[in-house]
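Contents: one structure, followed by commentary.
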2 protein chains.
Amino acid sequence: MRSRILDSATRMLVDSGYASLSMRKLAQAIGYSATTIYHHFDSKDDLFHALVEEGMSRLSDVLREALAACTGTESGVRLRSLCHAYVTFGLQNPEYYEVMFVAAPPSLERFPIDKYRRARGNLDLFATVLADVAVETKHRARPLDTRRDATTIWAMLHGIVSLVNARRVDRRVDIDGLVGDSVARVVDMYAPSDVMP
Amino acid sequence: MRSRILDSATRMLVDSGYASLSMRKLAQAIGYSATTIYHHFDSKDDLFHALVEEGMSRLSDVLREALAACTGTESGVRLRSLCHAYVTFGLQNPEYYEVMFVAAPPSLERFPIDKYRRARGNLDLFATVLADVAVETKHRARPLDTRRDATTIWAMLHGIVSLVNARRVDRRVDIDGLVGDSVARVVDMYAPSDVMP
DNA sequence: TGACGCACTTAACAGTGTTAAGTATACAAA
DNA sequence: TTTGTATACTTAACACTGTTAAGTGCGTCA
């Protein structure tokens, strides 16, 4: 039952965004009364967290796949692959992305950390690759504090994704060009390749 | 009257965020009925836009001040000053920042461009300094397309501000260090100084 | 048979954005 | 001075929202 609710919630989320996901509509979609949901989830926030977790899991799959596709290559290539996969996921799943990284339900002062092991795991993927970069490159701006540097990269990628998704980018700027250039520059920042566009 | 509504709305926004800014509470705060507001603003979205414009104006002041404080210095310093001012504004005015750059009222498909001249003006400040950087530096990664590059920088700064404000950053990462390092790296990306921490 | 617990329901509360319809006041034209 | 009209504001309501208190069956176990 819990999973039936979650399935339906996911579908409604992807279809029309979190803003228009109401408990009553969700209940109607699964053919039960609204109150029933409250026997399986404490609140809408609780459901929100479940959706975040689901999204983190999907992102994790995507990132691991991207890494698997280039095992054995030099660290700079792997970093680029990771960044590219992250941005692609964010742009292709705007509703999930919103729930995972931009929506901030008013009731949550701070995110429950123990629930976010998967989120930290995703960040660790970046940190791990960055550690390799730190070893393999001698550039003056190579990573030093991998956790912080991973967060910095994440922030930059997040900036691009969220601005594009929120349609805040000036019309005259080509989106694909912007995204490609941004990712290239972020990667180049820590793992400079000899040729840069 | 319109300005009295806006003043009160601003106060409520800063006090408790946009999420808990309701037309009824706003009306009560100024001592009128809720319907009155609808005679001065078409909808809550309309009021939202007015708040965005106010925020953009404040940001514009901050950015111009930051630039004025370092006229005559080399372009890299000016770029750093601009970035620092932007991030500081975002972190010190989280409610305004949310309305300006992260909140996305469901009704707005795309932002009304003509209303956002001030927003574009702020981006132009970055583009102008970047044009100077392009002239003054010979680094391989110097700015090329200043509008796109300005957007890239903006996206990266926005990523940091929005993640920090949304409290998404891992507790173990020092926020001040993260912010400082991120800004330094963004600046260094386009206008490398010889010494980098 | 009786008691208990589980899954689910209806009805309601307090709040939201928004609008239709009505009132009272001010000011211009007759 | 009286009338007409526009303006500023009101009340009452609609259709929603998340959430909860109380109640209804149902199956299982003593």
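Proteins get letters first, then strands, A, B, ... in listed order; numbering begins at 1 in each. No experiment lies behind these values; they were computed from the predicted model shown.
- Atom CZ in B:Phe48 sits roughly 15 Å away from atom C1' in C:dG17 (whole-Å rounding).
- A straight line from CE of B:Met23 to C1' of C:dT18 spans 9 Å, rounded to a whole angstrom.
- In this view, A:Ala155 and B:Ile160, B:Leu163 satisfy the side chain to side chain contact (heavy atoms under 4.5 Å, CB included) rule, not counting sequence neighbours.
- Counting non-hydrogen atoms under 4.0 angstrom, A:Leu21 reaches the backbone sugars and phosphates but no base.
- Within the structure, every side-chain polar atom (N or O) of A:Thr36 is placed at least 4.0 Å from both OP1 and OP2 of C:dA7.
- Contacts of A:Asp124 classified as salt bridge (charged side-chain N to carboxylate O under 4.0 Å, His left out), with partners at least two apart in sequence or in another chain: none.
- Contacts between residues 25-33 of chain B and DNA chain D, defined by a heavy-atom separation under 4.0 Å, are made by B:Tyr32, B:Ser33.
- Under the side chain to side chain contact (heavy atoms under 4.5 Å, CB included) criterion, B:Ala131 pairs with B:Thr146, not counting sequence neighbours.
- Of the N and O atoms on the side chains of B:Arg64 and B:Ser60, at least one donor lies less than 3.5 Å from an acceptor on the other residue.
- In this structure, the side-chain hydrogen bond (donor to acceptor under 3.5 Å, both in side chains) partners of A:Glu54, at least two apart in sequence or on a different chain, are A:Arg58.
- Here D:dT19 presents its C1' atom at 16 Å from CZ of A:Phe41, a figure rounded to the nearest Å.
- With rounding to whole Å, B:Lys44 atom NZ is found 15 Å from C:dG15 atom P.
- By the criterion of side-chain heavy atoms lying less than 4.5 angstrom apart, applied directly or through intervening Ile, Leu, Val, Met, Phe, Trp or Tyr residues, A:Leu51 is grouped together with A:Ile30 in one hydrophobic cluster.
- Residues passing the side chain to side chain contact (heavy atoms under 4.5 Å, CB included) test with B:Ala29, sequence neighbours excluded: B:Ser8, B:Met12.
- Checked against salt bridge (charged side-chain N to carboxylate O under 4.0 Å, His left out), B:Asp132 has the following partners two or more places apart in sequence or in another chain: B:Arg78.
- In this model, the phosphate group of D:dA8 is not approached by any side-chain N or O of B:His40 to a distance below 4.0 Å at OP1 or OP2.
- Counting to the nearest Å, the C1' atom of D:dA8 and the CD1 atom of B:Ile5 are 11 Å from each other.
- Every residue was checked against the salt bridge (charged side-chain N to carboxylate O under 4.0 Å, His left out) condition with B:Asp61, not counting sequence neighbours, and none meets it.
- Within the nucleic acid shown, B:Leu47 has no heavy atom closer than 4.0 Å to any nucleic acid atom.
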Dump the pairs, protein N or O against N or O of nucleotides 19-26 of chain C, anything under 3.5 Å, distances to one decimal.
unit_1: C:dT19; atom_1: O4; unit_2: B:Thr35; atom_2: OG1; d: 3.3

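- At a cut-off of 3.5 angstrom, the base of C:dG17 holds at least one donor-acceptor pair with the side chain of B:Arg24.
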- Using a 3.5 Å limit on both pairing distances, list the dot-bracket string of DNA chain D from the 5' end; Watson-Crick and G-U wobble pairs count, crossing pairs take [ ], interstrand pairs take |. ||||||||||||||||||||||||||||||
Acceptor/donor pairs from residues 85-93 of chain A side chains to any protein atom, 3.5 angstrom cut, sequence neighbours excluded:
unit_1: A:Tyr86; atom_1: OH; unit_2: A:Tyr97; atom_2: OH; d: 2.8
unit_1: A:Tyr86; atom_1: OH; unit_2: A:Trp154; atom_2: NE1; d: 2.9
unit_1: A:Thr88; atom_1: OG1; unit_2: A:His84; atom_2: O; d: 2.7
unit_1: A:Asn93; atom_1: ND2; unit_2: A:Phe89; atom_2: O; d: 3.0

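- Considering only residues two or more places apart in sequence or on other chains, B:Arg148 meets the salt bridge (charged side-chain N to carboxylate O under 4.0 Å, His left out) condition with A:Asp181.
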